[in-house]
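Report on one structure; see the data block that follows.
Letters A, B, ... are given to chains in the order of the sequence lines, protein chains preceding strands, and every chain is numbered from 1.
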Amino acid sequence: MLIVLKMNSVGEGCTDLKREYDQCFNRWFAEKFLKEDRSSDPCTEMFKKYQHCVQKAIKEKNIPIDGVEFMGPNKDKPDS
Amino acid sequence: MVKYFACVGHLKSSWDQVCIAFWERYPNPYSNHVLTEDIIFREVTPGNRLVSRRLLTKTNRTPRWMEKYLPVTMARHAYIIEDSIVDPQNRTMTTLTWNISHARMMSVEERCEYRINPDNTSWTEINREAWISSNLYGLSRAIQEFGLARFKTSVTKTMKGFEYVLAKMQGDTPSRTLAEHATERARETALAAKEKAKGLASQAHKKQQYV
């Protein structure tokens, strides 16, 4: 029994673009990036299309992603 | 007041395989609560590190005692952000995951370092830390305890999910977990149907009272 499942995008109309990009990225990540091959990224166009779609969906759904610094919340964490 | 938690875990796969699996780990039999997954930022730095931001939506399953204190309009879905840095030169990956919704009620932040296991270089070591806090007056301790308990369960699910995906990548899908998956899905469907029936029943009952 082979179950082939893939995740959906938060933007209902973006799922196909997401899956196309993910497939391209996964290949590049394993075959180029991890081998420290710095040749150009073949996925940039796909990424642009996908981002255009998903960023629009995020705005429409008022998902509060703005203004959060990269790795932001982990500055000066207390231990207790 | 913040609850702190730390643990070390191991995956019996190479660091490379684990990083590949990291991007492919959804869906898996242990992630039925994860509804959507999106990369919303990604860049390779001049130092050849990969930085990414991933947005997840998850079902917001809170216990009934907590639900009483939540406003009725509160979203049924939670939004989570995961930032990551993959360094192929040093063979390390650092991730930071936190919720951007419901944060005042309960905030969970998790930081992980993935590196080659120093005792067995074909394995991967994961150093995990979490900070759980709540700002709701009077309830914060109970919420933090709930948050910590749920976090520990989710760590187990995360590791099982990783192991499942890694096994699949290496060509052997454990049939037992497929059966578990089917069982869990059936259970969740049945539970959803039961909840819906309960809701409809109580609506019908209310209508009756007005007749």
Side-chain angles (χ1 to χ4, degrees), chain A residues 1-12 14-15 17-19 21-23 25-41 43-44 46-48 50-51 53-55 57-59 61-80, chain B residues 1-4 6 15-17 19-20 22-29 31 34-44 48 50-53 55-57 77 79 81 83-86 88-89 91 94-98 100-101 103 107 109-111 129 131 133 169 173 175 178-179 181-182:
Chain A
M1 179 170 67
L2 180 71
I3 297 176
V4 181
L5 299 167
K6 292 281 170 191
M7 292 300 290
N8 292 333
S9 168
V10 71
E12 289 84 2
C14 309
T15 293
L17 293 170
K18 164 195 152 57
R19 290 182 191 178
Y21 166 70
D22 282 348
Q23 197 171 36
F25 169 79
N26 289 331
R27 184 176 296 139
W28 169 82
F29 184 75
E31 293 173 11
K32 302 281 182 186
F33 181 75
L34 286 182
K35 302 192 167 144
E36 297 189 77
D37 179 337
R38 298 193 195 199
S39 54
S40 66
D41 178 358
C43 311
T44 38
M46 268 179 254
F47 187 61
K48 272 191 200 140
Y50 167 43
Q51 287 304 290
C53 187
V54 77
Q55 298 292 347
I58 285 170
K59 278 203 178 75
K61 290 172 191 258
N62 285 313
I63 299 175
I65 60 159
D66 285 328
V68 189
E69 241 182 287
F70 191 74
M71 301 293 232
N74 205 228
K75 316 251 164 96
D76 326 304
K77 293 317 285 191
D79 293 2
S80 56
Chain B
M1 195 171 66
V2 177
K3 271 214 170 292
Y4 176 75
W15 181 84
D16 285 47
Q17 290 290 294
C19 287
I20 292 168
F22 180 72
W23 299 116
E24 302 186 31
R25 75 186 201 274
Y26 298 123
N28 67 69
S31 75
V34 181
L35 301 171
T36 72
E37 170 201 41
D38 285 285
I39 301 295
I40 62 172
F41 176 79
R42 180 170 270 154
E43 204 169 80
V44 179
N48 204 43
L50 182 74
V51 301
S52 311
R53 173 166 280 186
L55 171 70
L56 303 169
T57 63
H77 296 160
Y79 296 116
I81 284 198
D83 284 351
S84 59
I85 304 174
V86 184
Q89 192 178 31
R91 277 342 222 199
T94 304
T95 70
L96 186 68
T97 308
W98 73 101
I100 54 170
S101 64
S107 159
E109 237 179 84
E110 176 202 67
R111 184 192 161 94
E129 295 178 284
W131 295 266
S133 63
M169 272 165 54
T173 308
S175 55
L178 281 175
H181 181 196

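In terms of heavy-atom proximity, E36(A) sits nearest to P88(B) at OE2-O, 3.8 Å. Shortest non-hydrogen contact noted between V44(B) and W28(A) is CG2-CH2, 3.8 Å. When all heavy atoms of F33(A) and V86(B) are compared, the pair lying nearest together is CZ-O, 3.7 Å. For the pair S52(B) and F70(A), the tightest heavy-atom approach, listed with the atom from each and the gap, is O-CE1, 3.4 Å. Contact record, F41(B) with F47(A): C-CZ, 4.3 Å, taken as the closest heavy-atom pair. Here the closest non-hydrogen pair linking W98(B) and V68(A) is CZ2-CG1, 3.2 Å.
Looking only at heavy-atom pairs under 4.5 Å with chain A, the residue among T97(B), T57(B), I39(B), I85(B) that has the most is I39(B).
Side chain of Y79(B) to main chain of I65(A): no donor-acceptor pair is present (N/O by atom type, distance under 3.5 Å, no hydrogens or angles).
Atom CD1 of I63(A) sits about 7.0 Å away from atom OG1 of T36(B), to the nearest 0.5 Å. One finds the CD1 atom of I20(B) at 12.5 Å from the CZ atom of R27(A) (value rounded to the nearest 0.5 Å). We find the CD-CG distance between Q51(A) and D38(B) to be 8.0 Å, quoted to the nearest 0.5 Å. Note that CE of M7(A) is 13.5 Å distant from CD of E24(B), once rounded to the nearest 0.5 Å. Here CE of M71(A) is found 5.5 Å from OG1 of T94(B). Values are rounded to the nearest 0.5 Å.
With a threshold of 4.5 angstrom between heavy atoms, V34(B) approaches chain A through its backbone and through its side chain. Within the 4.5 angstrom heavy-atom criterion, only side-chain atoms of I81(B), from C-beta onward, approach chain A. Within the 4.5 angstrom heavy-atom criterion, only backbone atoms of S84(B) (N, CA, C, O) approach chain A. With a 4.5 Å cut-off on non-hydrogen atoms, L55(B) touches chain A through its side chain but not through its backbone. For Q17(B), no part lies near chain A; criterion is any non-hydrogen pair under 4.5 Å. The parts of V10(A) that come within reach of chain B are both its backbone and its side chain, each placing non-hydrogen atoms under 4.5 angstrom from that chain.
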>> Determine whether Y21(A) and R42(B) satisfy the following criterion, side-chain contact (heavy atoms from CB on, under 4.5 Å), listing intermediate values before the conclusion.
In response: CA-CA 12 Å; Y21(A) 166 70; R42(B) 180 170 270 154; 2.7 Å; yes
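Residues that satisfy the salt bridge (charged side-chain N to carboxylate O under 4.0 Å, His left out) test with E31(A), not counting sequence neighbours, are absent from this structure. Residues satisfying the salt bridge (charged side-chain N to carboxylate O under 4.0 Å, His left out) test with E37(B), not counting sequence neighbours, are K18(A), R54(B).
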